[in-house]
Amino acid sequence: MKITLKDGSSREYAQAMCVYDIAADISEGLARAACAGEVDGEVVDLRTVIDRDCTLQILTVRDEAGLRTVRHTCSHVLAQAVKRLFPDARVTIGPSIDEGFYYDFDHAPFSREDLDNLEKEMKKIIKEGHKLERFTLSREEAVKYMEKAGEPYKVELIRDLPEGAEISFYDQGGFVDLCAGPHLMSTKGIKAFKLISSSMAYWRGDSDKAQLQRIYGTAFASKEELAAYLAHLEDIKKRDHNRLGREMELFTTVDVVGQGLPLLMPKGTKMVMKLQRWIEDLEDREWGYVRTKTPFMAKSDLYKISGHWDHYKEGMFVLGDEEKDKEVFALRPMTCPFQYYCYKNGQHSYRDLPIRYGETSTLFRNEDSGEMHGLTRVRQFTISEGHLVIRPDQAEEELKSCLNLANYVLGVLGLLEDVTYRLSKWDPENREKYLGDEAYWEKTQDALRQILQENSLPFTEADGEAAFYGPKIDIQAKNVYGKEDTMITIQLDCAIAENFDMYYIDQNGDKIRPYIIHRTSLGCYERTLAWLIEKYAGKFPTWLCPEQVRILTISEKFNEYAEMVRKELAAAGIDVTVDNRSEKIGYKIREARMAKLPYMLVVGASEEENGLVSVRSRFAGDEGQKSVAEFMEQILREIQTKEIRRELPEEERK
């Protein structure tokens, strides 16, 4: 057989060979470094026997798939350590992930002390150098094996596999785990690892199933790389909106209020107000929207017409019981059916379209308790919602306009570089979930795909992520931990107008069904605030800051002058406060820096005498003395243009 290697060279063998032996034949050093193989593009175990012509790459820890193999093996070492220290724990699954690995256990919560002890035990296992031996069993034998081992979760996984499937296990020093691999040849191949945290998880991601304890860890090729990653994690913790937002008093949560119901504090509310006013003015004055204000709830009748009652009822907060109550209401999960009735309030000609309805909509969705997180996953939230009623021939232009508006908003906020695009499609294997037939979905999906392609935007496609009435362009972003969320969505709906008997009169006097575009320009204000906190680590662009300027007095003698300056700035629309406490000026400056304020104005004898302020900024440090008028002109220009002023490196600041 002929084996073609990565560099284009080839080797021929008269008999079948496993990947590891081929690596050893090439170089003993390569065999020692090998983690896995890639045969004709498929990642395989080093133990895999090759008996045909193929292309082969020997993967080391420097290859992504090789590093994943190390991490996957590390997850098995973790499971072995857990079984040693906590014999009653039941194992479930332990995959490698982008940043490392995790393993889920049916056990009481693990403390940080538990994780530290597990790390010590893992180091022992690695040092013991157990070989990982692969073996297979029939489905029936595998079930009996895991039943005897007392591992019910593994039994369930095996029973879900098709009859006749080859079921593989790995044995490392007596610890046996159900696994398809690939794995290292020995536990000694793990050079640097760390257990990061532990949290609750549901078996198979289903909140109706058992609660498990998930231990997260990571592994790298060297201790130096691990140290760099841990330093990165510390930076992430500092940026985590759930921590930083509370420290900055932007929001809080209270148990008696409820999960997923954050309380925006005055500073956080000020930021959301600025975003909301900007978006409303932008949409109405520059993008041709008209504004509605609709109820927070409606009778179930409305949601039955829209289809939400059949397709989305479990995600809604229902008020009442259909079997007992004459009328049942539900808090709205979206605004579209309300705005349809704004449209139906009068008759419309083809000349009237498009009509672009915008609303700052407070919505309610019954998210699973395990999904709640800070401001990113909540049960009550507010979005910049809009619905465009259009003629079919206007679809392309209006879809492009919605995408351009979303990208403009992201650009102003400095977030455009952080997003990816996804075409969210229906799942043809689950047709009862959706309105319309296959032709409808192909037509609408093609329309959105064309918009993305014409804008030269790289995008992925995802089955099963569409709304029940139409496909979406989802603009995605990751939080500091790498979890991806949808930030902005644009949906094409060619079906729902039929449900509501919506029409316009065309040039021939005929009644024609319009298309609907569902879209947001900013998305969810709460989620966007979380994104901004993490993006800027709390150092927001000046126009968004809840406190833009703090005036610091040298002593109480200058309180009157400071108040005069404050009133002048406030009258111009600048968010300004005065720190006139009897504290040393150095202390006041340090506190203002800790608050991440854009500007501090120090006032003393010289400033009062000459009508000046001494300007200090987080961007450049000491900017020197300026007249009040000069400083106002500077900051107002920055606010009005929504400039994102960059900070100079520490060594360049005055």
Q: Go through the structure and list residues passing ring-ring contact (aromatic ring centres under 6.0 Å, His included) with Tyr341, not counting sequence neighbours.
A: Phe500
Q.
Quick check against the 3.5 Å criterion: does Gln394 have a side-chain atom that pairs as donor or acceptor with the backbone of Arg391?
A. yes
Q) Does the Glu534 side chain pair with the main chain of Asn479, one donor and one acceptor, at a distance under 3.5 Å? A) no
Q: Anything under 30° is parallel, anything over 60° is perpendicular, the rest tilted; go ahead and classify Tyr434 against Trp426.
A: perpendicular
Q. Under the ring-ring contact (aromatic ring centres under 6.0 Å, His included) test, which residues partner Tyr469, sequence neighbours left out?
A. His518
**Q.** By ring-ring contact (aromatic ring centres under 6.0 Å, His included) - contacts of Tyr357 (at least two apart)
**A.** none
Q. Does Asp98 have any side chain to side chain contact (heavy atoms under 4.5 Å, CB included) partners at least two apart in sequence or in another chain, and if so, which?
A. Arg68
**Q.** Ring-face cation of Lys511 near Tyr503 (centre distance under 6.0 Å, axis angle within 45°)
**A.** yes
(Q) Quick test of your reading of the model: are Glu283 and Arg291 salt-bridged, counting only N-O distances below 4.0 Å? (A) yes
**Q.** Contacts of type ring-ring contact (aromatic ring centres under 6.0 Å, His included), residue Tyr504, not counting sequence neighbours
**A.** none
Q: Classify the side-chain pair Thr542/Gln548 by whether it contains a donor and acceptor separated by less than 3.5 Å.
A: no
Q: Please answer whether the main-chain N or O of Phe364 pairs with a side-chain N or O of Arg332 as donor and acceptor at a distance below 3.5 Å.
A: no
Q: Keeping the roles fixed (side chain from Lys433, backbone from His311), state whether a donor-acceptor pair exists under 3.5 Å.
A: no
Q. Does Asp418 have any side chain to side chain donor-acceptor pair (under 3.5 Å) partners at least two apart in sequence or in another chain, and if so, which?
A. Lys535
Q: Go through the structure and list residues passing side chain to side chain donor-acceptor pair (under 3.5 Å) with Ser384, not counting sequence neighbours.
A: Ser521
Q) Strictly by modelled atom types, are Ser424 and Glu465 linked by a side-chain donor-acceptor pair under 3.5 Å? A) no
Q. With sequence neighbours excluded, what pairs up with Lys299 under the side chain to side chain contact (heavy atoms under 4.5 Å, CB included) test?
A. Asp301, Glu327, Phe329
Q: Please report the closest heavy-atom contact between Cys494 and Thr444, naming both atoms and the distance.
A: SG-CG2, 3.5 Å
Q | Selection residues 400-410 - residue pairs positive for salt bridge (charged side-chain N to carboxylate O under 4.0 Å, His left out), sequence neighbours left out | A | Glu396-Lys400, Lys400-Glu454
Q.
Tell me every residue that passes side chain to side chain donor-acceptor pair (under 3.5 Å) with Lys596, counting only those two or more places apart in sequence or in another chain.
A. none
Q. Under the side chain to side chain donor-acceptor pair (under 3.5 Å) test, which residues partner Arg449, sequence neighbours left out?
A. Asp446, Glu461
Output a table of donor-acceptor pairs, distance under 3.5 Å, between side-chain atoms of residues 249-260 and any protein atom two or more places apart or on a different chain; print 'none' if there are none.
from   : atom 1 : to     : atom 2 : distance (Å)
Thr253 : OG1    : Arg246 : NH1    : 2.9
Thr253 : OG1    : Arg246 : NH2    : 3.3
Gln259 : NE2    : Ser369 : O      : 3.3

